[in-house]
Amino acid sequence: NAGVMQNPRHLVRRRGQEARLRCSPMKGHSHVYWYRQLPEEGLKFMVYLQKENIIDESGMPKERFSAEFPKEGPSILRIQQVVRGDSAAYFCASSATEQFFGPGTRLTVL
Amino acid sequence: EDQVTQSPEALRLQEGESSSLNCSYTVSGLRGLFWYRQDPGKGPEFLFTLYSAGEEKEKERLKATLTKKESFLHITAPKPEDSATYLCAVPGLGSQGNLIFGKGTKLSVKP
């Protein structure tokens, strides 16, 4: 049973470009969560989605960030017009009960 | 405001030297406490869930316990491969999907 999959594992963008991060949940899981981990900081919750629904986006920045989990395909975290402060590791988790995490996408903004 | 505080920030042990990591929390109505292990460059790996005071869970050299205010992760006779950052988390207000994480304890076990 494959775990949570994320791609790309590493992403480099220049300021002002768009970043798209993908997450495929574990088989049988219909809940997806996105977290951000800044250097020397803890994991911070961003958004919780079920298929075609955003359940909780209380941790999402109000601008430039969006997330979706379509009926078919992976969940996408989209960051528009990236800035250097967006450089971080972004983790996706999925759950039936406990949350299981993917390996993360490390975003570097030049 | 819900908070999770872990101590110590870093812990260095010799192989075989047992110790404990602490996670204290302030939440309105605990709905579970989770322990994870994170290796450098990887995602957190689920270890335990605890739901009520007095509950204990064990896995190999690790044992997690829970009181009304804090949780402990006891490491018995650690080995170098136990070196990692250990994270605890609790669900925040609102959706149970919103996990609040502590900053972690970085454990180093020397042979």
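Numbers restart at 1 for each chain; the letters A, B, ... are given by sequence-line order, proteins then strands.
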Region of B:E45 in contact with chain A, defined by heavy-atom distances below 4.5 Å: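 Neither part; nothing is under 4.5 Å.
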Part of A:S58 within contact of chain B (heavy atom distance under 4.5 Å):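 For A:S58, side-chain heavy atoms alone lie under 4.5 Å from chain B.
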Pairs flagged by disulfide bond (SG atoms under 2.5 Å apart) wherever residues 73-110 of chain A is involved - sequence neighbours left out: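 Of all non-adjacent pairs touching residues 73-110 of chain A, those that pass disulfide bond (SG atoms under 2.5 Å apart) are A:C23-A:C92.
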Hydrophobic cluster membership, B:F72 vs B:W35, 4.5 Å side-chain cutoff: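 No; tracing contacts between hydrophobic side chains, which count when under 4.5 Å, never links both residues.
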Side-chain cluster (under 4.5 Å, hydrophobic types only) that A:F65 belongs to, other residues: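 Same cluster as A:F65: A:L11, A:L21, A:V32, A:W34, A:M46, A:V47, A:L49, A:I54, A:M60, A:F69, A:L77, A:I79, A:V82, A:Y90, A:L107, A:V109.
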Enclosure of A:Q81 CD (heavy-atom neighbours >12, cutoff 6.0 Å):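 No, because the 6.0 Å sphere around CD of A:Q81 holds 12 heavy atoms or fewer from other groups.
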Chain B contacts, top residue of A:Q6, A:Q37, A:E41 (heavy-atom pairs, under 4.5 Å):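 The option with the most such pairs is A:Q37.
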